[in-house]
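I have placed the structure first, in the form of C-alpha cells, so that the comments after it can refer back to it.
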Amino acid sequence: MALLQKTQLNAGARRATRPAVARVSTVRVQATVAMPSPASTFAQPHGRVFNFSAGPAVLPVDVLERAQAELLNWHGSGMSIMEMSHRGKEFESVIQKAEADLRTLLNIPANYKVLFLQGGASTQFSMIPLNLSKAGETVDYVVTGAWSKKAAEEAAKYCKVNIAAKGDNKSLPPVAGWKLSPDSRYVHYCDNETIGGVEFKSVPDVGDRVLVSDMSSNFISKPVDVSKYGIIYAGAQKNVGPAGVTIVIIREDLVGNCRAEAPTMLDYKIHVENDSMYNTPPCWAIYVCGLVFEKLVKMGGLDAMQELNRQKAAILYDAIAESKGFYNSPVDPAVRSLMNVPFTIPSSPDLEKQFIKEADKAGMLQLKGHRSVGGMRASIYNAMPIEGVQKLALFMKEFHAKHAK
C-alpha cells in the first residue's frame with residue numbers, strides 16, 4: 001500500500017502576522033481501490049463537478065479554499081496577492097518559497113535555475129532555439145504528437161531542424177532508432193502528448209547531447225532526474241496551477257548564449273539575473289502554484305503522487321478493457337499516459353456524442369476528445385480526485401450496459 005498524506009487546510013481564522021499552519025492527516029490508499037456504486041452517488045464539496053479538462057484543469061479543493069481564505073488579506077498584509085507589488089518583501093517570500101518547494105519535490109541540483117515565465121509553453125518553442133543554437137546550426141526534434149510537431153515547426157524558423165524520429169500518435173518510436181545528428185545543439189521531445197495520450201516511461205538516452213523536454217501535461221506527476229536534462233519546461237495550467245505562468249528549469253551553462261537579435265524577453269539570462277521579475281510576473285498564478293507545491297511536499301512528494309496517479313489510470317484503463325471492445329483505447333499499452341486517456345466507442349460515433357452529453361449531465365465535464373481526433377478524452381491530472389475516476393468508470397459500465405448490442 002502507498003502511504004499518502006492528505007492535507008486538510010483550515011480556511012478559518014489565521015494569525016495576522018504569519019502564514020497559516022496546515023493540518024495534515026494520514027490516510028492509506030489501497031492498491032486495489034473499492035468501487036462505490038452506483039455512479040450517481042458521488043458528491044463533491046461546494047457543489048463542484050468532476051472536471052476532466054485537458055487545461056486549464058482541475059485544482060485541489062483545499063488549495064482553492066486556502067486561496068479563497070487569503071484572498072482579501074494575505075497573512076495580515078492588508079492586501080491581496082493580486083494587489084501587492086512584486087518588488088515587495090511579501091511577494092518575494094511567495095516566489096522564493098514556491099521555488100524552494102519545487103526544488104524539494106524534484107531534487108533540483110544547485111547548478112540549475114528555476115524560472116517562472118509568461119507566454120505559455122508555446123513561447124518556449126521559440127525561446128529554446130534562440131538561446132541554444134545559432135542560425136544554420138542543427139537541432140534534433142522527436143515528433144510524437146501535436147505539441148512536439150508545433151515545437152519543431154517553430155524551431156525551423158531559427159535553425160536547421162532534423163526530425164530524428166516520428167511517432168504515429170498511438171505509440172512511441174524506440175530511442176535506439178532515433179536518427180540523431182552528430183553535431184546537434186540539443187534534442188527536443190515532449191514527455192507526454194496531451195492530445196494523443198502517449199507518455200515516455202523513462203528518460204531517453206541521447207548520450208552527451210543536451211536533452212530538452214516539454215513536460216507541460218505531466219509535470220510534477222512523477223519523480224524526474226533533472227540532472228539528465230538541459231531544459232525542462234511546462235505550462236502550469238494542466239498539472240500545476242492556473243493559466244498564466246510557465247515553469248522553466250535550465251542548467252546554468254545554457255544561460256547567456258541568446259542570439260543578439262532575439263527580443264529581450266526571450267533571453268534566459270535576463271530572467272535569471274532578475275529572479276523571474278524582469279517585468280511584472282504573473283503573481284497570482286505563481287502564488288497558487290506555490291500552494292500546490294507545498295501540498296505535494298506534505299503529501300509525501302512525487303513518489304506518493306505517482307503511485308496515486310498509477311491507481312487512477314489503472315481504474316480507467318481497466319474499465320476500457322473490461323468493456324470487451326465497446327470502448328477502445330487507441331494507444332499502445334506500453335506508453336499509455338497516466339494523465340490523458342483518450343478512448344472511443346468504435347461501433348458508433350453517435351454514441352460518443354450521447355456519452356459526452358449524458359456524462360455532462362451527471363457532473364463529469366470536458367470529456368470530449370480534442371477536435372483533431374474526436375472521441376473522448378479524460379484528463380486525470382494530480383488534482384483529479386480518485387472518486388472522479390471511479391465515478392467515470394462506473395458511468396462507462398452503466399452506459400455500456402444500456403447500449404451493448
*Which pairs with one or both residues in residues 333-353 pass side-chain hydrogen bond (donor to acceptor under 3.5 Å, both in side chains), sequence neighbours excluded?*
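The answer is N192-S337, N192-N340, S329-R336, N340-S379, N340-Y381.
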
*Any side-chain hydrogen bond (donor to acceptor under 3.5 Å, both in side chains) involving residues 269-290? Give me the pairs, sequence neighbours left out, ordered by first then second residue.*
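Listed by first then second residue: E70-Y287.
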
Under the ring pair (Phe, Tyr, Trp, His ring centres under 6.0 Å) test, residues paired with [X] that sit two or more places apart:
X: Y317; value: none
X: W147; value: none
X: H403; value: F399
X: Y189; value: F200

Table please: side-chain donor-acceptor pairs of residues 150-159 below 3.5 Å, with sequence neighbours left out.
residue, atom, partner, partner atom, Å
E153, OE2, K149, NZ, 2.6
E154, OE1, K157, NZ, 3.1
E154, OE2, S126, OG, 2.7

Under the side chain to side chain donor-acceptor pair (under 3.5 Å) test, which residues partner [X], sequence neighbours left out?
X: K166; value: none
X: H188; value: Y233
X: K402; value: E358
X: S53; value: none

*Among all residues two or more places apart in sequence or in another chain, which pass the side-chain contact (heavy atoms from CB on, under 4.5 Å) test with M277?*
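Only H86, R87, F91, E92, I95, P281 meet the side-chain contact (heavy atoms from CB on, under 4.5 Å) criterion with M277.
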
